[in-house]
Amino acid sequence: MIEFDRKAARTAGLGLLAWYEANKRDLPWRRLRDPYAIWVSETMLQQTRVETVIPYWERWLTLFPTVEALAQALESDVLKAWEGLGYYSRARNLQKAAQAVCERHAGVVPDTLDEMRALPGVGPYTAGAVLSIAYDRDVPAVDGNVFRVLSRLFLIEEDIMKPKSRKTFESIAAYMIPEGRAASFNQGLMELGATVCIPKNPRCHNCPVQETCMAFAEGVQEEFPVKEKKKPPRPVDMTAALLRDGDQLLIRRRPDTGLLAGLWEFPGGERAEGETLEQALVRHLQEAHGITVQPESLFATVEHTFSHLHWTMRVYDCAIVEGTVRVSEDVRWVPVDKLEDYAFPVAHGKIVKQLGGLL
DNA sequence: AACTCGGGGCG
DNA sequence: CGCCCAGAGTT
């Protein structure tokens, strides 16, 4: 269990509540108490700024004013209304959830965490937000703003990217809720994060809870929240061979599992530790196709970044000096002008593009 | 636990 | 332009 200063937490909770009541922005969904309208706003606000959401939310409530209207709408109209907001599965899930609410709850947005969580697209944050804001339940709603504010207030060093750390923040937030006031407290916490306790250059000079903020006291607010730096893509030296037979080139299909499964590529592979690029290429062609090749000249260098890898792929014009390629369903000689019929990974597609001169 | 989905703001 | 933002579902 995480340690935090209980007294400071209660003080900050009350301070945040008072600040919110005095300073809250006049947002359209804050004028309503309709759980459906609030649910829609919270779904739209996931990873999306308030100013962007407002016009979408207003149009949405006109087009689909009730859970029933959304449930019965054409999916194409639903997606059209979401167009430009991004993360379109949010829209699809919202409609699926509306249909489930009609079937299971007679069109009434559920007022328990378990029932909300059971709806598609409703995770821990959205369930907490709807329950507290629409139904005045004293439950926490922890989003990215809350991670940031609480990690600074209490100097929490847990990595917020780890799933288990959400529990830490939820229990602190739950403890801070002034009884019966979760709706305003939760929104206050998030509003502070959105307008004052922002990621870069936080405006500590007009923060209502500056005096109880441990990060401010130590001048380390910019260091929080702690987030594992996503490691940069691992550099990989790749090789690929251009093997010609008249106007034909040799390509092969990648395995059905793993990276780029089932796509076509020029034969080659990764350079291993202690190998030269040429040695790697000769080895891969020997191992995979039983032929000995001679890299003759560098045809192209292609860079491609995946989320976890960065390929520097050197493409060599090669001659076969020994052996014959066994062709099959997955290994083919293909005329240059037919290559476009095959699906290549982007990196190999870049090679195909540069082949224009061979036509 | 790692990856995917998108558009927008910021330096 | 690249980097950051950070909910929920999927694998």
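Here is the naming used below: chain letters follow the sequence lines, and residue numbers restart at 1 for every chain.
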Using atom [atom1] of [X] as one end and atom [atom2] of [N] as the other, report the distance to the nearest whole Å.
X         : N      : atom1 : atom2 : value
Lys227(A) : dA2(B) : NZ    : P     : 16 Å
Phe147(A) : dG7(C) : CZ    : C1'   : 10 Å
Met44(A)  : dC5(B) : CE    : P     : 22 Å
Arg90(A)  : dC5(C) : CZ    : C1'   : 13 Å
Tyr125(A) : dA8(C) : OH    : P     : 8 Å
Trp39(A)  : dA8(C) : CH2   : C1'   : 14 Å
Ile198(A) : dA6(C) : CD1   : P     : 12 Å
Arg148(A) : dC4(C) : CZ    : P     : 15 Å

Determine the contact category for [X]: base if any of its heavy atoms lies under 4.0 Å from a base atom, sugar-phosphate if only primed atoms, P, OP1 or OP2 are that close, otherwise nothing.
X         : result
Tyr87(A)  : base
Thr126(A) : sugar-phosphate
Tyr88(A)  : sugar-phosphate

Inset, instruction - Verify whether the ring centers belonging to Tyr36(A) and Phe64(A) lie closer than 6.0 Å. - result: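 They do not qualify: ring centres at least 6.0 Å apart.
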Using atom [atom1] of each nucleotide, how far apart are [N] and [M] to the nearest Å?
N       : M      : atom1 : result
dG8(B)  : dG9(C) : C1'   : 23 Å
dT11(C) : dG6(B) : P     : 15 Å
dA8(C)  : dG9(B) : P     : 23 Å

Can you confirm whether the side chains of [X] and [Y] place a donor and an acceptor under 3.5 Å from each other?
X         : Y         : answer
Tyr342(A) : Arg253(A) : no
Thr112(A) : Glu115(A) : yes
Tyr125(A) : Arg166(A) : no
Glu42(A)  : Thr126(A) : no

Can you pull every protein N or O that's under 3.5 Å from an N or O on nucleotides 8-10 of chain B?
none

Legend entry - Closest to the Asn93(A) side chain, choosing from dA6(C), dG9(C), dA1(B):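 Per side-chain heavy atoms of Asn93(A), the pick is dG9(C).
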Legend entry - Options dC5(C), dG7(C), dA8(C), nucleotide nearest the side-chain atoms of Pro199(A):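 Side chain of Pro199(A) sits closest to dC5(C).
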Inset, instruction - Over 60° means perpendicular and under 30° means parallel, so classify the ring planes of Phe147(A) and Phe169(A), tilted if in between. - result: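 Answer is perpendicular, since the angle exceeds 60°.
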Inset, instruction - Compute both the distance and the angle, then confirm whether Arg314(A) meets the cation-pi test with Tyr316(A): under 6.0 Å from the six-membered ring centre, within 45 degrees of the axis. - result: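 Cation-pi check for Arg314(A) and Tyr316(A): fails.
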Legend entry - 5′-ward residue of the pair Lys164(A)/Thr48(A) relative to DNA chain B: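 Its nearest nucleotide being more 5', the pick is Lys164(A).
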Legend entry - Upstream residue (5' side of DNA chain B) when Asn201(A) and Arg92(A) are each assigned their closest nucleotide: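 It is Arg92(A), whose closest nucleotide lies nearer the 5' terminus.
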Legend entry - Trace of the salt bridge (charged side-chain N to carboxylate O under 4.0 Å, His left out) decision for Asp26(A) with Arg31(A): CA-CA 8 Å; Asp26(A) 178 23; Arg31(A) 296 165 172 247; 2.5 Å; yes
